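The structure appears below as C-alpha cells.
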Amino acid sequence: MQKITLALATGLMVLILVWGPAVSAEEEMCVPMGEITLSPLTDEPERSEVTFPHAVHFNYNCQQCHHTWDRETPITSCGTSGCHDLAELPKDDQGRVTADAEQKIRYYKNAFHSSCIGCHKEIKKENLKAEAMQLAGAVIKPTGPTGCIQCHPAE
Ligand code: HEC
Ligand code: HEC
Ligand code: HEC
C-alpha cells in the first residue's frame, strides 16, 4: 500500500513539475504512468510487441516525443491519421520502395525506430566518449536498449 501511494505521489509530482501549469482544469488527459504496449500496425508482424516504460522517460520534455502536442488539447496516439499511420512503405509492382521522405517517416516502424533507437544510441555514443575521459570526472548516463530482442523479446 505504502509503495503504491509513493509511486502515485512521485507520478503526480512529475506531472505538476513538468506539465501541470500548462493544462487547464477542463482539459483532462489520462497519462499512462506504467508500461505501454506498442503494437504493430500490420496483421502479419515480423516481431513481437514492444513494452515501453513510459514514466522512465519523464526526465524529458513531453514534446521530445509528442512533438506535435500544443500543451492544451489531449495527446493522441502516434498512429493517429496523418501522423505515423502508414502500416507499410509504398512500393511499385516490382517491390521497389517508392516512398518519399515524408512517407518514410509516416511509416510507423521508421518513426518508432528513429525516435527510440536514435535516442538510446546517441546516449551510448556520448558514453563511449565519456568513458575515455572518466578520470577527468565525465559521467556515464543510463540509456535504453538498442538490440532487436531487447525490445522485441520474441521473434
Ligand atoms: C520518450 C518518449 C516519450 C516521452 C518523453 C513522453 N511520452 Fe507519452 N507516450 C509515448 C509513447 C510512445 C506513447 C504511446 C503512443 C501510442 O500508443 O501511439 C505515449 C502515450 C502517451 C499518452 C496516451 C496517448 C493516447 O494514445 O491516448 C499520454 C496522455 C501521454 N503519453 C502523455 C505524456 C506526457 C504528459 C509526457 C510528459 C510528462 C509524456 N507523455 C512524455 C512516448 C513518450
Ligand atoms: C529522448 C531519448 C529517449 C527516447 C526518445 C526513448 N528513450 Fe527509452 N530510454 C532513454 C533513457 C535515458 C533511458 C534510461 C532511463 C534510466 O534508466 O533512468 C531509457 C530506457 C529505456 C528502457 C529500459 C527501461 C529500464 O527500466 O531499464 C526501455 C525498454 C526503453 N527505454 C524503451 C524505449 C522505447 C520503446 C522508446 C520509443 C517509444 C524509447 N525508449 C524512447 C531515453 C530515450
Ligand atoms: C528501442 C526499442 C526497439 C529496438 C531496439 C528495435 N525495435 Fe523494432 N520496433 C520498435 C517499436 C516501438 C516498433 C513499433 C511497434 C511494434 O511494432 O510493436 C517496432 C517495429 C518493428 C517492426 C515492424 C513491426 C513488425 O513486427 O513487423 C519490425 C519488423 C522491427 N521493429 C524490427 C526490428 C529489428 C530487426 C530490430 C533490430 C535491428 C529492432 N526492431 C529493434 C522498437 C524497437
Side-chain angles (χ1 to χ4, degrees), residues 3-4 6-91 95-97 99 103-131 134 138-155:
K3 251 192 193 157
I4 295 172
L6 187 69
L8 280 177
T10 318
L12 280 177
M13 288 237 300
V14 170
L15 286 182
I16 290 160
L17 286 175
V18 179
W19 158 79
V23 175
S24 57
E26 66 270 22
E27 290 271 11
E28 278 189 25
M29 174 168 81
C30 184
V31 181
M33 297 305 292
E35 290 175 339
I36 301 177
T37 302
L38 302 173
S39 307
L41 290 186
T42 157
D43 293 334
E44 290 168 16
E46 289 168 30
R47 299 270 167 167
S48 58
E49 296 176 323
V50 174
T51 303
F52 170 55
H54 196 212
V56 165
H57 295 82
F58 284 1
N59 278 346
Y60 292 99
N61 193 310
C62 311
Q63 280 147 315
Q64 174 84 32
C65 300
H66 302 291
H67 57 100
T68 60
W69 186 36
D70 58 10
R71 300 185 73 92
E72 279 167 16
T73 46
I75 287 173
T76 50
S77 139
C78 309
T80 299
S81 165
C83 299
H84 305 290
D85 58 347
L86 284 188
E88 52 190 87
L89 284 173
K91 296 192 179 112
R96 281 184 301 242
V97 170
Q103 290 168 322
K104 279 185 184 151
I105 200 68
R106 257 180 80 178
Y107 177 39
Y108 78 107
K109 175 186 152 185
N110 286 353
F112 277 118
H113 278 183
S114 102
S115 166
C116 313
I117 306 176
C119 180
H120 297 162
K121 268 200 177 147
E122 187 57 38
I123 300 170
K124 269 196 176 171
K125 220 167 74 187
E126 284 165 20
N127 281 344
L128 278 179
K129 276 192 229 150
E131 244 166 63
Q134 221 170 354
V139 185
I140 306 291
K141 294 189 191 131
T143 184
T146 55
C148 315
I149 57 167
Q150 291 173 283
C151 282
H152 305 278
E155 293 258 317

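Residue numbers run from 1 in the order of the sequence given. Computed from a predicted structure; not experimentally measured. Atoms within a ligand are numbered from 1 in the order they appear, just like the ligands themselves.
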Sub-4.0 Å atoms of ligand 1 with respect to non-hydrogen atoms of [X]:
| X | value |
| --- | --- |
| Cys65 | 1 (C), 2 (C), 3 (C), 4 (C), 5 (C), 42 (C), 43 (C) |
| Ile36 | 13 (C), 19 (C), 20 (C) |
| Pro32 | 22 (C), 23 (C), 28 (C), 29 (C) |
| Cys30 | 29 (C) |
| Leu38 | 14 (C) |

Do the side chains of [Y] and [X] get nearer than 4.5 Å, heavy atoms only?
| X | Y | answer |
| --- | --- | --- |
| Ser114 | Ile105 | yes |
| Cys78 | Tyr108 | no |
| Val31 | His54 | yes |
| Asn127 | Lys141 | yes |

Which residue supplies the protein heavy atom nearest to [atom], what is that atom called, and how far is it?
| atom | answer |
| --- | --- |
| atom 20 (C) of ligand 2 | Gly144 CA, 3.5 Å |
| atom 29 (C) of ligand 3 | Glu46 OE1, 3.5 Å |
| atom 16 (C) of ligand 2 | Pro142 CB, 3.8 Å |
| atom 22 (C) of ligand 3 | Lys109 CD, 3.5 Å |
| atom 1 (C) of ligand 3 | Cys151 SG, 2.7 Å |
| atom 23 (C) of ligand 3 | Tyr108 OH, 3.5 Å |
| atom 34 (C) of ligand 3 | Cys148 SG, 3.5 Å |
| atom 15 (C) of ligand 2 | Val56 CG1, 3.6 Å |

Who gets closest to [atom] by heavy atom: [options]?
| atom | options | result |
| --- | --- | --- |
| atom 9 (N) of ligand 3 | His113, Lys121, His84 | His113 |
| atom 2 (C) of ligand 2 | Gly118, Ala55, Cys119, Pro145 | Cys119 |
| atom 39 (C) of ligand 1 | Met33, His66, Gln63, His57 | His66 |
| atom 11 (C) of ligand 1 | Phe112, Phe52, Trp69 | Phe52 |

| field | Cys116 backbone or side-chain N/O/S under 2.8 Å from atom 8 (Fe) of ligand 3 | value | no
Atoms of ligand 3, numbered as shown, that sit under 4.0 Å from any heavy atom of [X]:
| X | result |
| --- | --- |
| Gly147 | 5 (C) |
| Thr146 | 5 (C) |
| Glu49 | 18 (O) |

| message | Applying a heavy-atom cut-off of 4.0 Å, say which part of Thr143 lies close to ligand 2: side chain, backbone, both or neither. | response | backbone
| query | Taking heavy atoms and a distance under 4.0 Å, where does Gln150 meet ligand 2: side chain, backbone, both or neither? | reply | neither
Do side-chain atoms of [X] reach the backbone of [Y] as a donor and acceptor pair under 3.5 angstrom?
| X | Y | value |
| --- | --- | --- |
| Asn110 | Lys104 | yes |
| Gln150 | Gly147 | yes |
| Asp85 | Gly79 | no |
| Thr80 | Ser77 | yes |

| request: Could you check Lys124, His120, Lys121 and say which one makes a side chain to side chain donor-acceptor pair (under 3.5 Å) with Thr146? | output: Lys124
Going from [atom1] on [X] to [atom2] on [Y], what distance comes out if it is rounded to the nearest 0.5 angstrom?
| X | Y | atom1 | atom2 | value |
| --- | --- | --- | --- | --- |
| His57 | Ile36 | NE2 | CD1 | 10.0 Å |
| Glu72 | Met29 | CD | CE | 11.5 Å |
| Leu86 | Arg106 | CG | CZ | 4.5 Å |
| Ile75 | Cys65 | CD1 | SG | 9.5 Å |
| Cys119 | Tyr60 | SG | OH | 4.0 Å |

| task | Before accepting this row, confirm whether a basic side-chain N of the pair Lys129/Glu126 lies closer than 4.0 Å to the acidic partner's carboxylate O. | result | no
| said: Under 3.5 Å between any N/O of Thr42 and any N/O of ligand 3: does that happen in this structure? | reply: no
| message | Test your reading of the structure: does His120 have an N or O sitting under 3.5 Å from an N or O of ligand 3? | response | no
| Test item: protein heavy atom less than 4.0 Å from atom 27 (O) of ligand 2 | no
| Of all the heavy atoms in Met29, does at least one lie under 4.0 Å from an atom in ligand 1? | yes
| Can you list the residues that meet the side chain to side chain contact (heavy atoms under 4.5 Å, CB included) rule with His113, with sequence neighbours excluded? | Lys109, Ile117, His152
| Glu49 and Ser39 side chains, donor-acceptor separation under 3.5 Å | yes
| field | Nitrogen or oxygen atoms of Cys78 and ligand 1 under 3.5 Å apart | value | yes
| field | Heteroatom distance test (Ser77, ligand 1): nitrogen or oxygen, under 3.5 angstrom | value | yes
| query | What class does the angle between the rings of His67 and His84 fall in, given that below 30° is parallel, 30 to 60° is tilted and above 60° is perpendicular? | reply | tilted
| message | Can you tell me which N/O/S atom of His54 has the shortest distance to atom 8 (Fe) of ligand 1? | response | NE2
| query | Does some non-hydrogen atom of Pro53 fall short of 4.0 Å from ligand 2? | reply | yes
| task | Would you mind listing which atoms of ligand 2 come within a distance below 4.0 Å of any non-hydrogen atom of Gln64? | result | 1 (C)
| In His152, which N, O or S atom comes closest to atom 8 (Fe) of ligand 3? | NE2
